[in-house]
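Note that ligands are numbered from 1 as they come in the structure, with each ligand's atoms numbered from 1 the same way. All heavy atoms count here, side chains included; hydrogens, waters and symmetry mates do not.
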Amino acid sequence: MATMRAAQVSRPSGPLEIVERPIPEPGAGQVRLRVLACGICHSDSLVKEGAWPGIQYPRVPGHEVSGVIDAVGLGVVQWKPGERVGVGWHGGYDGHCEYCRRGEFFACVTGQVTGLTFDGGYAEYVVAPASAVARMPSELPPVDAAPLMCAGVTTFNALRNSGARPGEVVAVLGLGGLGHLGVQYAAKMGFRTVAIARGKDKRPLSQQLGASVYIDSQSQDPAAELVKLGGAKIILATATSGEAMSAVQGGLAVNGTLLIIGAAASMQVSPLFLLSGCRSIKGWYSGTSIDSEDTLSFSARSGVRSMNETFPLERVAEAYERMMSGKARFRVVLTMGR
Ligand SMILES: [Zn+2]
Ligand SMILES: [Zn+2]
């Protein structure tokens, strides 16, 4: 039987171990990808540490997958072998539950999560539901595409659905894996883009990414600085600090929204400030496969790219530690070495 290399976790908090496994066969409604690259996302720690309710082991993490379709299962009509595709966090939907019938595919009650409810992209092959697959433009190298399947689609999809119009002030809080993409997308979408991060040293990077204003939250009051600009229509909160989110909310314009994509544990809000200016605080999920497809094609055309550090699959443990250290600039991507 043909085998592949995969990196699996066998128990909560267990190590990432390289194993040989049979190459999986796609079932009805599924496709198989030959993986070319897979990003390592902070959410992969849910698999590593067993923090996802009901997770089953052994499990292969990885939901920032780019590759080529090499086999399709029964009943799959929309994909064929040879197509370049990606698979992200959203691992498909059934099309018939109440949410799906209302067009809210992301909330599907039987929805899967790639690398969590089925084996993901830390492997040479992945089998995924056909509804989880996004087309990858030919001009986008696999290593560039992979992080866009989670970090990219999350920031792109949040911003394009935010209600902000070209020319309006959009601030991006945090300049890490999500934020460095958020600034680029905001600038390319035509917003007056403000980057907020800690320290003076990030100013040149923020300008290189397209921000027209940089606010150093260590030496400046970010809320006061935003008010000087007329207030932000949107503050995209990518940081995972509830304190940092609380500190910027005062910079929202009338009708402004604090749009949260960073998983902070809690934050303080001022109800009076919200109600007196019709301001809101809202969360945003990532996106479905068609959102990922839009993200990839927008990025290919506009030049938005993640900055990546790449590691071969064999060095997965080191690569994972690098991501967890918070020192990576900015995403970590595994390559399959073929
Ligand atoms: Zn992710
Ligand atoms: Zn459904």
Side-chain angles (χ1 to χ4, degrees), residues 7 9 16 29-30 35 37-49 51-52 55 59-66 86-122 126 128-134 143-158 174 176-182 185 236-240 260-264 283-292 295-296 299 306-309 316 319-320 322-324 326 328 330-334:
V9 179
L16 279 158
Q30 297 178 327
V35 179
C38 184
I40 297 184
C41 180
H42 193 272
S43 306
D44 295 342
S45 62
L46 296 171
V47 183
K48 180 80 167 52
E49 306 306 328
W52 187 262
I55 186 168
R59 182 59 77 221
V60 177
H63 58 266
E64 293 188 339
V65 191
S66 64
V87 178
W89 173 269
H90 174 85
Y93 51 89
D94 59 22
H96 55 71
C97 75
E98 177 167 346
Y99 290 119
C100 284
R101 290 169 63 205
R102 294 187 191 281
E104 305 286 7
F105 300 104
F106 81 94
C108 179
V109 297
T110 64
Q112 304 269 333
V113 182
T114 309
L116 267 170
T117 62
F118 63 92
D119 286 330
Y122 291 17
V126 158
S131 61
V133 173
V143 167
D144 287 1
L148 301 179
M149 294 303 299
C150 180
V153 62
T154 302
T155 47
F156 173 80
N157 205 33
L178 289 171
H180 90 293
L181 284 164
Y185 286 125
L236 184 70
T238 73
T240 49
I260 296 179
I261 58 174
W284 191 265
Y285 70 102
S286 175
T288 61
S289 54
I290 194 67
D291 298 313
S292 296
T295 303
L296 294 180
S299 307
S306 161
M307 296 179 186
N308 303 321
E309 297 180 5
V316 61
Y320 178 81
R322 177 72 180 158
M323 180 280 299
M324 288 303 284
F330 282 94
R331 301 294 287 188
V332 176
V333 181
L334 295 172

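In the displayed structure, Phe106 atom CZ is contacted under 6.0 Å by more than 12 heavy atoms of other residues, nucleotides or ligands.
In this pair, Phe330 and His180 present their aromatic rings parallel. The plane angle is below 30°, not in the 30 to 60° band.
Using a 3.5 Å distance cut-off with no hydrogens or angles, the side chains of Ser289 and Tyr93 do not pair a donor with an acceptor.
Residue Thr114 comes nearest to Gly62 through the heavy atom pair CG2-O, 3.5 Å, listed as atom of the first residue, atom of the second, then distance. Taking both residues in full, the closest heavy atoms of Glu64 and Ile40 are given as OE1-N, 3.9 Å, listed atom of the first, atom of the second, then distance.
Checking Cys100 against the Zn ion (ligand 2), an N/O/S atom falls under the 2.8 Å cut-off. Residue side and main chain included, Asp94 places an N/O/S atom under 2.8 Å of the Zn ion (ligand 2). At a threshold of 2.8 Å, the Zn ion (ligand 1) has a backbone or side-chain N, O or S atom of Cys41 nearer than that distance.
Note: angle at the Zn ion (ligand 2), from SG of Cys108 to SG of Cys97, is 120° (rounded to 10 degrees).
Residue His63 approaches the Zn ion (ligand 1) most closely through its N/O/S atom NE2.
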